[in-house]
Trainee: 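Sharing a structure below in structure tokens format, with a few things to ask.
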Amino acid sequence: MTTSVEPFDVVDLIRTKRSKEALSTPEIQWLIDAYTRGYVADEQMAALIMAIFLNGMERAEIRDMTLAMIASGETMSFQTLGKTTVDKHSTGGVGDKITLPLAPLVASFGVAVPQLSGRGLGHTGGTLDKLESIPGWQADVSNERMFEILKDVGAVICAAGSGLAPADKKLYALRDITGTVEAIPLIASSIMSKKIAEGTSALVLDVKFGSGAFIQDIDQSRLLARTMVDLGTDAGVTTSALLTDMSIPLGLTIGNALEVRESVETLAGGGPADIRELTVALAREMLTAAGQPDADVEAALDDGRAMDSWRRMIEAQGGDPDAALPVARETHVVTAPRSGFLDKQEALPFGIAAWRLGAGRARKQDPVMATAGIELHAKPGDRVEEGQPLFTLHTDEASRFERALASVEGAWGIGSSAPAARSLVVERIS
Ligand code: URA
């Protein structure tokens, strides 16, 4: 009997990264393949990713890691579609519902937007969880049906199949339990392996910083954006990124059905100013990548074209765009204790409060409450009068209010003057 001989020894690779040296292309290809098939054990991979966490990776190593993770599974191609495809990815935030108005808006210009999305874990909400609050709407779509919807409607937001980058799934689960999630080479290769495997021709990244973001520090977020843009470009995908502020919640709602309502308001030409601003900025970026730099994005929001595209997108996945959205059984209003200017509203505690009300899940298998969340009645800089509602908590279980209120304690404040206005989109990286 012959046994196949492995070309490398994983302990040597761990020593290489421990000594701050670079792994070669064949070493990385072997490592990811051997880990996916179970030859490299979790404890060995854990040691290696901790060495990467501490010592970093060079650009070529990150590219090799990304390509090896893509090669671990299936890849999609939209080349037969006859339309340019553009995708968007956000690193996630509190109240970030931008994909909902953005995908149909961009599709209304004849561009295909295949938006493979996920469910929420922890304080950041998932796009699929939000859309599932629409009666009848289904996240699971076959590849054939996805092509049909892209041809006909132009936009599809659906669950990513489990066949894309399986090495990333295994590695991400390991990072989650070994304190190695926040390593830029690992985050960048994880996100980009899935996005490149999806087969889009262009990609726009919304990379967030601030208290409600995955990475809070602006310089680290900028580095993540740069790394991901380089990875996309190296793989032949037209990629750009916007660096955006996530220190305060986006818009006036946090939570699934509440965020759908606000998205529909935005598609009707209204909605909060920050939601419209970011939707328009990302749509311009996507349409520029698709060869339409002069597209009048705001007109499509104001004249009903984006809304028409949204209705068709929801109907194509079994949803009823006219059905009433579910409403929470219980609400609790917090009012201003004095008059002044709202000068603080921290994203992370509000995100955690919405999660505690039932809008998010602690474990992958947990259900989410469509109705739960927070409605904000004022944003930093707004003048408020004593007794005026500041925010309303929504949930189906009143017992959840206490822990949600504990989360936002000290997270908002009223002062005598308005805080300096902040820019939402601070930088473009291409
Ligand atoms: N999202 C991902 O898909 N991967 C990461 O590593 C972090 C966020």
Side-chain angles (χ1 to χ4, degrees), residues 28 32 35-36 42 45-46 48-50 52-54 56-57 61-70 72-73 75-76 87-94 96 98-99 114-129 157-200 203-210 212-217 220-232 235 237 239 241 243-244 246 347-348 351 360-361 364:
I28 291 176
I32 297 299
Y35 179 57
T36 310
D42 272 344
M45 197 62 168
L48 202 137
I49 55 179
M50 183 56 85
I52 293 173
F53 183 93
L54 296 171
M57 272 181 140
E61 289 180 287
I62 305 173
R63 182 203 59 213
D64 290 342
M65 178 106 162
T66 307
L67 295 177
M69 293 206 289
I70 296 169
S72 73
T75 51
M76 297 179 74
D87 199 353
K88 166 250 178 189
H89 178 83
S90 156
T91 55
V94 175
D96 183 5
I98 302 295
T99 297
Q115 199 68 58
L116 301 189
S117 300
R119 292 176 202 283
L121 193 61
H123 76 276
T124 58
T127 298
L128 301 181
D129 293 327
I157 303 176
C158 61
S162 56
L164 294 174
D168 172 63
K169 280 192 189 70
K170 198 170 170 190
L171 198 57
Y172 192 82
L174 186 65
R175 287 166 56 205
D176 210 19
I177 55 167
T178 55
T180 51
V181 166
E182 297 90 350
I184 286 177
L186 300 177
I187 300 170
S189 54
S190 166
I191 292 175
M192 293 303 287
S193 63
K194 286 171 286 196
K195 287 286 144 187
I196 297 167
E198 277 172 32
T200 185
L203 175 65
V204 174
L205 300 160
D206 178 3
V207 181
K208 300 191 176 291
F209 64 92
F214 184 56
I215 294 186
Q216 277 107 37
D217 179 68
Q220 288 296 302
S221 295
R222 185 181 290 114
L223 182 60
L224 176 62
R226 179 80 265 155
T227 309
M228 292 198 291
V229 168
D230 288 346
L231 277 174
V237 178
T239 310
L243 202 60
T244 68
M246 191 62 256
L348 182 61
R361 50 172 74 77
K364 265 194 200 134

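Owing to the predicted nature of the structure, the values given are computational and were not obtained by experimental measurement. Note that these values count all heavy atoms, side chains included, but never hydrogens, waters or copies made by symmetry. As the structure lists them, so they are numbered: ligands from 1, and atoms in each ligand from 1.
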Trainee: Quick check: does any side chain N or O of Lys169 sit under 3.5 Å from a backbone N or O of Gly163, one acting as donor and the other as acceptor?
Mentor: no

Trainee: Looking at CD1 of Ile28 and OG of Ser189, how far apart are the two atoms once the value is rounded to the nearest 0.5 Å?
Mentor: 9.5 Å

Trainee: Under the criterion side chain to side chain donor-acceptor pair (under 3.5 Å), I'd like the reasoning laid out for Thr99 against Lys88: C-alpha separation, chi angles, the key distance, then a yes or no.
Mentor: CA-CA 8 Å; Thr99 297; Lys88 166 250 178 189; 2.9 Å; yes

Trainee: Report all N/O contacts between ligand 1 and the protein shorter than 3.5 Å as a table of atom names and distances to 0.1 Å; if there are none, say 'none'.
Mentor:
| residue | atom | partner | partner atom | Å |
| --- | --- | --- | --- | --- |
| ligand 1 | 3 (O) | Lys194 | NZ | 2.4 |
| ligand 1 | 4 (N) | Ser190 | OG | 2.6 |
| ligand 1 | 6 (O) | Arg175 | NH1 | 2.9 |
| ligand 1 | 6 (O) | Arg175 | NH2 | 2.8 |
| ligand 1 | 6 (O) | Ser190 | OG | 3.4 |

Trainee: Tell me yes or no: between the side chains of Lys208 and Ser90, is some donor less than 3.5 Å from an acceptor?
Mentor: no

Trainee: How long is the span from the CD1 atom in Ile215 to the CZ atom in Phe209, to the nearest 0.5 Å?
Mentor: 12.5 Å

Trainee: Could you tell me the separation between the CG atom of Leu164 and the OG atom of Ser193, rounded to the nearest 0.5 Å?
Mentor: 9.0 Å

